[in-house]
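Since the structure comes first, as structure tokens, the remarks are kept for the end.
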Amino acid sequence: MREEKRIECKNDDVKEEKIAFEKIVVVGYALTSKKINSFLQPKLLTLARSKGISFVAIDQSRPLSDQGPFDILLHKLSGKEWRKALEDFRQMHPEVTVLDPPDAIQHLYNRQHMLQDVADLNFSDAYGIVRSPRQLVIKKDPSSIPEAVSKAGLILPLVAKPLVVDGTAKSHELALAYDQHSLQMLETPLVLQEFVNHGGILFKVFIIGEAIKVVRRFSLPDVSKQEWSKSASVFRFPRVSCAAATADDADLDPSIAELPPQLLLERLAQELRHRLGLHLFNLDIIRERGSKDRFYVIDINYFPGYGKIPDYEHMFTDFLLSLVQSKYKTNSAGVC
Ligand SMILES: Nc1ncnc2c1ncn2[C@@H]1O[C@H](COP(=O)(O)OP(=O)(O)OP(=O)(O)O)[C@@H](O)[C@H]1O
Ligand SMILES: O=P(O)(O)O[C@H]1[C@H](OP(=O)(O)O)[C@@H](OP(=O)(O)O)[C@@H](O)[C@@H](O)[C@@H]1OP(=O)(O)O
Ligand SMILES: [Mg+2]
Ligand SMILES: [Mg+2]
């Protein structure tokens with residue numbers, strides 16, 4: 001149940017005090033148990049409580065409309081049924097902020113579309129340029145891959161990524177293909193992306209509404225020309241970048257480890273937030289080896305592992321309150 005407490009606020013124009021009501025913010029959540037463990041840590045729950053935010057688990061066996069009332073609905077679950085239930089709920093309850101709209105999230109679950117907004121944006125400013133690697137989608141016959149690759153003019157080596165990201169471990173099983181012939185050993189449907197040497201370090205830019213936090217992570221090492229021209233094979237690799245191990249404290253070459261300029265990241269994040277229609281995501285960004293200001297976005301993840309960022313509890317609770325405050329301002333314009 002929502003509680004209310006009285007607060008006072010001043011209207012500078014008429015210099016008169018009025019009473020407003022500040023609600024306890026109720027955040028309904030529908031998350032996997034893995035996400036609950038990594039995200040809803042005690043330090044988040046404690047800070048949230050002290051700021052008047054309460055997290056309430058959504059019971060997936062009951063209709064959404066029978067639950068609540070919620071101010072905000074936070075979710076990361078898969079399945080058509082769930083998306084439909086959520087869409088219906090959004091229509092019926094426009095007063096609830098759903099983080100985020102199911103269609104906008106779905107857009108990221110297909111690697112063919114995931115980086116399209118980065119490509120369209122063609123971002124460039126005084127601090128650098130940001131692109132997405134050239135890529136090709138193959139939906140059917142693996143034996144057609146070598147010809148399709150040479151037709152498209154893609155340059156080896158290529159990173160092979162499952163087309164659909166559906167939260168399973170398999171959708172994160174990637175491979176590096178060094179030669180044209182081995183390409184037929186890959187499993188379709190997939191995306192083939194040009195491998196960009198980047199010194200083995202990537203930057204994860206975590207976005208929470210308007211706030212951003214960037215961290216370094218270990219990534220795949222560079223591939224030299226001699227190496228790949230000699231290798232005739234496909235090298236399969238497990239998840240490398242989402243390991244909690246940070247590269248922030250490692251002794252690294254400064255030209256590789258230097259974080260992308262904060263202003264560039266802020267502008268990029270702002271653009272992508274609007275284009276994607278999302279509040280909660282991260283970008284995997286690499287700097288092309290040998291360049292200072294040429295960056296590539298290689299992956300975008302919805303509602304990523306925020307629990308791995310030190311102090312995420314402050315960023316996240318501030319964000320939740322800012323959502324409610326901006327709604328309150330819109331609804332009560334002129335009152336206070
Ligand atoms: N185009 C590329 N050039 C160089 N390295 C790449 C490229 N694409 C992917 N990688 C490497 O492969 C790793 C995994 O790729 P990607 O991030 O696309 O996969 P993912 O399964 O979506 O990962 P996540 O766990 O972040 O969701 C990257 O972190 C990076 O180390
Ligand atoms: O496993 P973690 O909590 O760290 O979070 C990972 C998250 O898994 P989860 O949503 O099941 O938790 C992944 O989601 P799916 O693509 O598998 O849906 C993906 O977003 C990764 O990039 C996240 O790692 P990060 O990019 O933040 O390092
Ligand atoms: Mg990634
Ligand atoms: Mg990903």
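Below, all heavy atoms of this structure are taken into account, side chains as well, without hydrogens, waters or symmetry copies. One-based numbering along the sequence shown. Order of listing sets the numbers, starting from 1, for every ligand and every atom in it.
Checked by distance only, ligand 2 and Tyr306 stay at 3.5 Å or farther apart across all their nitrogen or oxygen atoms. Looking at ligand 2, you won't find any N or O of Thr32 less than 3.5 Å from one of its N or O atoms. Taking any N or O of Gly305, backbone or side chain, at least one lies under 3.5 Å from an N or O belonging to ligand 2. When only interatomic distances are considered, the shortest N/O to N/O separation between Asp299 and ligand 2 does not fall below 3.5 Å. In terms of N/O distances under 3.5 Å, ligand 2 is not approached by Asp284. Looking at Tyr109 next to ligand 2, no N or O pair under 3.5 Å apart turns up.
Within the 3.5 Å criterion, the main-chain N or O of Phe295 finds no donor-acceptor partner in the side chain of Glu288. Remark: the backbone N or O of His279 is paired with a side-chain donor or acceptor of Asp100 at under 3.5 angstrom. Put simply, the side chain of Thr317 gets close to the backbone of His314: a donor and an acceptor are under 3.5 Å apart. Between the side chain of Tyr29 and the backbone N or O of Leu40 there is no donor-acceptor pair closer than 3.5 Å. For the pair Lys213 (side chain) and Val205 (backbone), a donor-acceptor distance under 3.5 Å is absent.
When all heavy atoms of Leu77 and Ala30 are compared, the pair lying nearest together is CG-O, 3.5 Å. The minimum heavy-atom distance linking Tyr306 with Ile207 is given by the pair OH-O, 2.6 Å. The shortest non-hydrogen separation linking Leu278 to Arg273 is O-CG, 3.0 Å.
For Phe206, the closest heavy-atom approach to ligand 2 falls below 4.0 Å.
Ring geometry for Tyr302 versus His75: interplanar angle of 30 to 60°, hence tilted.
We find that Glu313 and Lys51 are not joined by a salt bridge, their nearest charged nitrogen and carboxylate oxygen being 4.0 Å or further apart.
Val191 belongs to a hydrophobic cluster with Val137, Leu163, Val164, counting contacts under 4.5 Å between side-chain heavy atoms of Ile, Leu, Val, Met, Phe, Trp and Tyr, direct or through other members. Residues near Met92 contribute nothing to a hydrophobic cluster around it, because no ILVMFWY side-chain heavy atom sits closer than 4.5 Å to its side chain.
Heavy atoms of Pro304 found under 4.0 angstrom from ligand 2 belong to the backbone as well as the side chain. Heavy atoms of Asn282 found under 4.0 angstrom from ligand 2 belong exclusively to the side chain.
Of all atoms in ligand 2, numbered sequentially from 1 with element shown, those under 4.0 Å from a heavy atom of Ser38 are 3 (O). The atoms of ligand 2 that sit less than 4.0 Å from any heavy atom of Lys308 are 2 (P), 4 (O), 24 (O), 25 (P), 27 (O), 28 (O). Close approach of ligand 2 to Val165 is summarised as follows: ligand atoms under 4.0 Å from at least one heavy atom of the residue are 16 (O). Those atoms of ligand 2 with a heavy atom of Arg217 less than 4.0 angstrom away are 28 (O). Here is the list of ligand 2 atoms found below 4.0 Å of a heavy atom in His172: 15 (P), 16 (O), 17 (O).
Protein atoms of type N/O/S that fall under 2.8 Å from the Mg ion (ligand 4) number 3 in this view.
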Could you give the side-chain donor-acceptor pairs of residues 257-266 under 3.5 Å, partners two or more places apart or in another chain?
| unit_1 | atom_1 | unit_2 | atom_2 | d |
| --- | --- | --- | --- | --- |
| Glu258 | OE1 | Lys292 | NZ | 3.2 |
| Gln262 | NE2 | Glu266 | OE2 | 3.1 |

